[in-house]
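The residues of the chain are indexed from 1 along the displayed sequence. Worth saying up front: this structure is predicted, and the values here are computed from it rather than measured.
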Amino acid sequence: MARPETPLPIDASRPLLELAQGLRDLRAASNLSYQAMSETVSLSAASLSRTASGQQIPTPEALTAFLTACAVPPDDIDHWQKLRDDAVRAALEPRPWTRGARITHLARSGLLRELHRAAGSPSLRSLHEELGVSKSTLHRVLTAHVDIHGKPPPPPHQILAVADILLRHLPHSQYTRGGPFADVYQLVRPYRTAQRASGRNQDSRRRTRLPDGPSHKPAPADDGDAGLLGLARRTAAVQRRIAAGELTADDDVVRLLAEVQQVLESRAKPAPGQDGATA
């Protein structure tokens with residue numbers, strides 16, 4: 001029995017989504033697993049799955065094999081090839097990029113690898129020590145442009161974290177206006193802002209933490225201050241989502257959010273006896 005499919009990507013073009021959904025409907029109607037389909041054609045189960053994934057445009061050969069495995073009549077194959085041609089044309093048309101797509105392109109295009117070389121090709125071990133990210137994750141991010149097996153791209157926050165640390169290895173002139181990595185820096189800036197804001201928020205929480213011991217009992221927190229701190233945390237969460245590409249915002253909005261959070265944290269004073277001071 002056919003297993004449920006993974007959700008189609010939301011950023012794929014409409015023709016590609018229509019093609020992928022149509023292929024999925026064919027498989028569902030045939031009630032075949034990808035493994036069973038692969039036994040009737042010269043294509044692996046993984047390749048057949050990618051053909052209907054919506055993540056990439058299938059090759060004509062892969063599409064024909066998929067249709068053959070689903071027992072589509074030869075006279076109907078031209079119709080499906082036309083759907084594929086429509087997906088190819090849509091992929092060639094210029095369309096506005098979301099922030100998340102631009103971040104993914106940073107890794108897919110090989111520009112991140114060029115940044116790594118410009119930074120002196122630091123080893124995975126040294127990057128691991130600086131970032132605290134596993135070496136396997138670092139390798140995946142730095143080799144995302146070698147998409148041999150059609151693997152999905154790394155998450156945007158991982159790409160930004162690696163790009164951020166590599167930029168810190170470069171002279172300032174390399175990523176300011178007119179520098180070869182100026183576009184990379186523009187993508188990384190909101191991430192840096194969100195990370196700094198998150199650090200300030202953590203420092204604020206540490207300052208309000210009470211020392212251990214039975215003699216230090218917390219005083220009731222002021223409702224207004226608690227509300228401001230809660231709002232500051234939600235602002236930091238929005239900043240992190242912007243930095244990761246989940247939300248879209250221009251530089252002015254990013255700066256405004258950082259200023260709002262700073263004001264909120266400065267206004268929300270710890271309640272008496274909660275400033276962590278010792279007698």
Which heavy-atom pair separates [X] from [Y] by the least distance, and what is that distance?
| X | Y | result |
| --- | --- | --- |
| L167 | Y185 | CD1-CA, 3.9 Å |
| M37 | L32 | CG-CB, 3.9 Å |
| A20 | L8 | CB-CD2, 3.7 Å |
| R140 | P155 | NH1-CD, 3.9 Å |
| A119 | L166 | CB-O, 3.8 Å |
| L43 | S38 | O-CB, 3.1 Å |

What is the distance from atom [atom1] of [X] to atom [atom2] of [Y], rounded to the nearest 0.5 Å?
| X | Y | atom1 | atom2 | answer |
| --- | --- | --- | --- | --- |
| F66 | T59 | CZ | OG1 | 12.5 Å |
| I103 | R99 | CD1 | CZ | 4.0 Å |
| D183 | H105 | CG | NE2 | 9.5 Å |
| L170 | R168 | CG | CZ | 11.5 Å |
| L63 | W80 | CG | CH2 | 8.5 Å |
| S121 | L115 | OG | CG | 10.5 Å |

Should [X] and [Y] count as side-chain neighbours, where that means a heavy-atom distance under 4.5 Å?
| X | Y | result |
| --- | --- | --- |
| Q186 | Y175 | no |
| L16 | V88 | no |
| T64 | E61 | no |
| V184 | L111 | yes |
| D164 | Q195 | no |

Under a plain distance cut-off of 3.5 Å, with no hydrogens placed, do [Y] and [X] share a side-chain donor-acceptor pair?
| X | Y | result |
| --- | --- | --- |
| D85 | Q81 | no |
| S47 | S44 | yes |
| T51 | Q56 | no |

Looking only at atom types and distance, does a side-chain atom of [X] sit under 3.5 Å from a main-chain N or O of [Y], one as donor and one as acceptor?
| X | Y | result |
| --- | --- | --- |
| R84 | P58 | yes |
| H116 | P122 | yes |
| S49 | A45 | no |
| T137 | V133 | no |
| R102 | L187 | no |

Give me each pair satisfying salt bridge (charged side-chain N to carboxylate O under 4.0 Å, His left out) with a member in residues 117-131, each pair once, sequence neighbours excluded.
R125-E129

State which residues pass salt bridge (charged side-chain N to carboxylate O under 4.0 Å, His left out) with D86; sequence neighbours excluded, sorted by chain then number.
K82, R89

Working for side chain to side chain contact (heavy atoms under 4.5 Å, CB included), residues I159 and L112:
CA-CA 8 Å; I159 298 173; L112 194 62; 4.2 Å; yes

Please check if atom NE2 in H79 has more than 12 non-hydrogen atoms from other residues, nucleotides or ligands closer than 6.0 Å.
yes

